[in-house]
Student: 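Below: one structure in structure tokens.
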Amino acid sequence: MRQRGKDFWCCCPFHQEKTPSCKVDSVSQTWHCFGCGEGGDVFTYIMKRENLSFPESIRYLADRAGIELHDTGDRRERGTKRARIY
């Protein structure tokens with residue numbers, strides 16, 4: 001990975017290439033590959049690299065960062081739609 005200004009450039013991990021075409025923007029914390037068109041934030045990167053869903057990617061990153069997540073368990077929506085809106 002090479003730094004050019006505020007951005008970092010590297011070879012894309014999602015396709016074969018010889019010259020860096022993947023840009024990581026340190027300000028917006030996003031990435032984009034100009035070779036294959038893939039891009040996104042840290043969650044989309046982990047989802048694609050590890051073949052995970054969005055909630056699984058959050059758990060994966062929390063585990064790596066040593067952050068304990070608590071599951072509320074009850075995911076049912078309560079009340080009528082009108083009551084939930086209020």
Side-chain angles (χ1 to χ4, degrees):
M1 187 172 285
R2 296 180 184 165
Q3 186 172 3
R4 290 188 217 158
K6 64 178 176 50
D7 299 328
F8 293 88
W9 289 82
C10 62
C11 291
C12 180
F14 302 115
H15 74 279
Q16 294 292 327
E17 62 183 1
K18 294 181 181 178
T19 59
S21 68
C22 187
K23 178 180 97 165
V24 180
D25 188 325
S26 61
V27 174
S28 66
Q29 298 184 355
T30 58
W31 62 280
H32 178 77
C33 176
F34 293 95
C36 66
E38 293 290 338
D41 58 13
V42 66
F43 300 108
T44 55
Y45 178 80
I46 294 298
M47 288 167 60
K48 183 158 179 64
R49 192 185 83 186
E50 301 294 328
N51 195 26
L52 299 173
S53 67
F54 181 70
E56 290 169 333
S57 71
I58 292 173
R59 286 187 211 101
Y60 176 89
L61 290 168
D63 184 51
R64 292 219 23 189
I67 298 170
E68 186 177 332
L69 297 178
H70 299 283
D71 191 5
T72 59
D74 188 14
R75 288 185 166 75
R76 292 179 301 161
E77 295 179 15
R78 296 183 182 161
T80 64
K81 183 176 181 179
R82 182 181 182 107
R84 288 192 313 269
I85 291 173
Y86 282 112

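These figures come from a predicted structure and were not determined experimentally.
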Student: Heavy atoms only: give me the nearest His32-Gly37 pair and the separation to one decimal.
Tutor: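 Looking at all heavy atoms of both residues, the closest pair is CE1-O, 3.8 Å.
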Student: List the atom of Ser53, the atom of Met47, and the distance in Å for their closest heavy-atom pair.
Tutor: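 For Ser53 and Met47, the tightest heavy-atom pair comes out as O-CG, 3.8 Å.
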Student: Minimum heavy-atom separation for Ile58 to Leu69, with atom names?
Tutor: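 Taking Ile58 first and Leu69 second, the nearest heavy atoms are CG2-CD1, 4.0 Å.
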Student: What's the spacing between Lys23 NZ and Cys33 SG if we round to 0.5 Å?
Tutor: 12.0 Å
Student: Specify the closest pair of heavy atoms between Gly39 and Thr44, including all atoms of both residues, with the distance to one decimal.
Tutor: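 Smallest interatomic distance, heavy atoms only, reads O-OG1, 3.8 Å.
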Student: Within this structure, what is the CZ-CD1 distance for the pair Arg59 and Ile46, rounded to the nearest 0.5 Å?
Tutor: 14.5 Å
Student: Would you mind reporting whether Ser26 and Gln3 have side-chain heavy atoms less than 4.5 Å apart?
Tutor: no
Student: Using the ring of each side chain (for Trp, its six-membered ring), is Phe34 parallel, tilted or perpendicular to Trp9, with breaks at 30° and 60°?
Tutor: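 Aromatic pair Phe34/Trp9 classed parallel.
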Student: Kindly compute the distance separating CD (Glu50) from OH (Tyr45), expressed to the nearest 0.5 Å.
Tutor: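 Here the rounded value is 8.5 Å.
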Student: For atom CD of Gln16, is the number of surrounding heavy atoms from other residues, nucleotides or ligands below 6.0 Å larger than 12?
Tutor: no
Student: Are more than 12 heavy atoms from other residues, nucleotides or ligands located less than 6.0 Å from atom CD of Gln29?
Tutor: no
Student: Any chain of hydrophobic side-chain contacts (each under 4.5 Å) joining Phe43 to Val27?
Tutor: no
Student: Out of curiosity, Asp41 CG to Asp25 CG, how far, rounded to the nearest 0.5 Å?
Tutor: 12.5 Å
Student: On a heavy-atom basis, which atom in Cys22 and which in Glu17 lie closest, and how many Å separate them?
Tutor: N-OE2, 4.4 Å
Student: Taking C-beta and beyond as the side chain, do Trp31 and Glu38 meet within less than 4.5 Å on heavy atoms?
Tutor: yes
